[in-house]
Amino acid sequence: MSSIILYCRTGFESDCAAEIQFHAEQLGFFGFAKASSGAGFVEFSCYQAEHSQALYQAIDFRQLVFARHWFLALVELQLDEANRVASILAIEQKLPKCGSLRLEYPDTNDGKALSSFCKKFTRPLENALVKHQWLTKKANPKLPAMQLFFVSGTHCWIGYSDTRNGNAQHNGILRLKFPAEAPSRSTLKLDEAFMVLLNDEEREQYIQNGQHAVDLGACPGGWTYQLVRRNMFVAAIDNGPMAQSLMDTGQVQHFREDGFKYQPERSNVSWLVCDMVERPAKVSRLMLKWLANGWCQYAMFNLKLPMKQRFAEVNQDLNLLKEGLSELGFEHEVRAKHLYHDREEITVFARVY
Ligand SMILES: C[S@@+](CC[C@H](N)C(=O)[O-])C[C@H]1O[C@@H](n2cnc3c(N)ncnc32)[C@H](O)[C@@H]1O
């Protein structure tokens, strides 16, 4: 037996399942997803057992929008409550030697209740795995991470993840501290987007002091706050009121205009960000216009997804943007993720070059 376990936000299991099914079929692998609503994860199994591993290796994790993290599960196990370590060491499937250990659980209320159990169980398990040479004594990020995914204290999946092709954060969740001076909680979405959708090198290259940015649908200013914090000058577009603290920085100009009609006066805009609550196709077309006209270099935006078939919608919207840019002859990069701080929405990064 082997399957792929994908973590997602509760309520998004069917979207996560539709997405992995779509990519599997595109690559010529066929299988089925088990996705209970509210479970916070999806299990995808190929009809031919060995295909799950090939599929896990073939997909670039960054292509997946709805999965927070994933791993290849080799065995689903009922543990003996009296000796969990022995149950694990007794599995017959051969795991590759691992360089780290992750004990994780779904992001649900039941899952969170397993947090202290996982913390307590980590050390004895680690000691046993090192002793049996399943795990290196010193952490080695070049080797796979051993994954145990618990749905109860005695029921888990065991497998491994490729540390270069997944999310290194515990449970696939980047925890961020809400800055007390930020005017809205949605500030965390843009902060997380910069951390998750860009790598270290890209952050250094694309985000620089003194850049100009435009924030469409800016009020009260949570996203503008993140841009100001990164020493940018921001044109904030919204009919609502901006937080006075941001206006007092001298880095923000507020324009009470329609974000769909606003055009920058000068060609000095590096970043366009957009959090307007609108139909996702309409926002994608707007982003296409900005990028194709060269009105910005980089765009970071939300697509709101109040509908049922969210994966199908996202696919259409991202294709609209990608195909539109291709038809106009632009090389481009488009990445999207359902971030931890996103709710019924996803966040997209796009650039042309
Ligand atoms: C989700 S809120 C943005 C929150 C903001 N990103 C923050 O962090 O504080 C959406 C905003 O978009 C604005 N908005 C919606 N449609 C707009 C439009 N056509 N033009 C400008 N602003 C718009 C609304 O007034 C609202 O303030």
Side-chain angles (χ1 to χ4, degrees), residues 9 12 174-198 207 211-265 269-291 293 295-296 298-307 310 313-314 317 320-321 336-350:
R9 175 184 269 279
F12 287 75
L174 178 66
R175 303 245 168 223
L176 294 169
K177 198 165 172 281
F178 175 67
E181 63 283 17
S184 69
R185 282 206 74 79
S186 38
T187 197
L188 294 175
K189 290 192 287 184
L190 188 59
D191 201 12
E192 186 183 358
F194 283 138
M195 298 300 292
V196 171
L197 291 170
L198 304 180
I207 301 175
Q211 281 175 324
H212 288 263
V214 172
D215 184 352
L216 301 178
C219 291
W223 285 32
T224 293
Y225 170 84
Q226 292 297 335
L227 302 169
V228 166
R229 189 165 86 80
R230 288 168 173 83
N231 299 317
M232 294 188 199
F233 295 96
V234 186
I237 320 301
D238 201 309
N239 271 319
M242 284 297 280
Q244 192 54 42
S245 55
L246 285 170
M247 301 311 297
D248 291 344
T249 61
Q251 285 169 247
V252 182
Q253 265 191 298
H254 183 188
F255 298 91
R256 292 182 187 274
E257 289 183 35
D258 182 347
F260 286 92
K261 296 200 180 123
Y262 174 84
Q263 281 189 25
E265 283 156 16
V269 177
S270 299
W271 280 93
L272 171 68
V273 301
C274 171
D275 190 21
M276 290 189 288
V277 182
E278 247 302 345
R279 281 181 299 110
K282 190 171 173 190
V283 173
S284 296
R285 270 194 288 274
L286 182 67
M287 298 299 113
L288 174 60
K289 182 164 93 177
W290 273 74
L291 289 162
N293 284 327
W295 292 349
C296 64
Y298 314 108
M300 194 72 92
F301 56 99
N302 261 188
L303 294 179
K304 312 289 175 185
L305 302 170
M307 63 290 297
R310 288 177 287 223
E313 177 67 43
V314 164
D317 300 329
L320 186 157
L321 177 58
K337 205 77 192 161
H338 188 209
L339 302 173
Y340 176 66
H341 294 96
D342 282 335
R343 289 178 186 271
E344 301 249 298
E345 62 207 336
I346 60 158
T347 305
V348 186
F349 167 73

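By convention here, the first residue in the shown sequence is residue 1. Remember, it's 1-based here, ligands and their atoms both numbered in the order they're listed. Reckoned from all heavy atoms, side chains included, excluding hydrogens, waters and symmetry mates.
Side-chain atoms of Lys189 and Trp223, non-hydrogen and from C-beta on, do get closer than 4.5 Å to each other. Using a 4.5 Å heavy-atom threshold, the side chains of Trp290 and Pro264 count as touching. For the pair Leu227/Phe194, a side-chain contact is recorded, criterion being any heavy-atom separation below 4.5 Å from C-beta on. Residues Ser270 and Met232 are not in side-chain contact: their nearest non-hydrogen atoms beyond the backbone lie 4.5 Å or more apart. Under the 4.5 Å side-chain criterion, counting only non-hydrogen atoms from C-beta, Val348 is not in contact with Val283.
Atoms of ligand 1 lying under 4.0 Å from at least one heavy atom of Phe260, given by number and element, are 19 (N). Interface atoms of ligand 1 facing Asp258, defined by a heavy-atom separation under 4.0 Å, are 18 (C), 19 (N), 20 (N). Of all the atoms in ligand 1, the ones that sit under 4.0 Å from a non-hydrogen atom of Gly222 are 7 (C), 8 (O), 9 (O). For ligand 1, the atoms sitting less than 4.0 Å from at least one non-hydrogen atom of Ser184 are 7 (C), 8 (O), 9 (O), numbered in the order shown with element in parentheses.
The heavy atom nearest to atom 21 (C) of ligand 1, out of those in Gly259, Pro220, Gly221, is found in Gly259.
The only member of Thr224, Asp215, Thr347 that meets side chain to side chain contact (heavy atoms under 4.5 Å, CB included) when paired with Val273 is Asp215.
Atom 18 (C) of ligand 1 has Met276 SD, 3.3 Å as its closest protein atom, hydrogens excluded (heavy atom only). Of the protein's non-hydrogen atoms, Ser186 OG, 2.9 Å is the one closest to atom 8 (O) of ligand 1. For atom 3 (C) of ligand 1, the nearest non-hydrogen atom of the protein is Gly217 O, 3.2 Å. In terms of protein heavy-atom proximity, atom 10 (C) of ligand 1 is closest to Asp275 O, 3.4 Å.
Among the atoms of Asp238, some N or O lies under 3.5 angstrom from an N or O of ligand 1. Close N/O approach between Thr187 and ligand 1 is not found [any backbone or side-chain N/O within under 3.5 Å]. Close N/O approach between Lys304 and ligand 1 is not found [any backbone or side-chain N/O within under 3.5 Å]. Not a single N or O atom of Gly240, backbone or side chain, sits closer than 3.5 Å to an N or O atom of ligand 1.
Of all the heavy atoms of Ala218, the ones lying under 4.0 Å from any atom of ligand 1 belong exclusively to the backbone. Only the backbone of Glu257 comes within contact range of ligand 1, with a heavy atom under 4.0 Å; no side-chain atom does.
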Inset, instruction - Please test Arg230 against Asp191 for salt bridge (charged side-chain N to carboxylate O under 4.0 Å, His left out), starting from the C-alpha separation and ending with a verdict. - result: CA-CA 10 Å; Arg230 288 168 173 83; Asp191 201 12; 2.9 Å; yes
Inset, instruction - Begin with the C-alpha distance, continue with both residues' side-chain angles, and end with the deciding distance and a verdict on salt bridge (charged side-chain N to carboxylate O under 4.0 Å, His left out) for Glu192 and Lys337. - result: CA-CA 10 Å; Glu192 186 183 358; Lys337 205 77 192 161; over 6 Å; no
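Note on Asp275 versus Lys304: salt bridge recorded, some NZ/NE/NH1/NH2 to OD/OE distance being below 4.0 Å.
Within a 6.0 Å radius of CZ in Arg256, more than 12 heavy atoms belonging to other residues, nucleotides or ligands are found.
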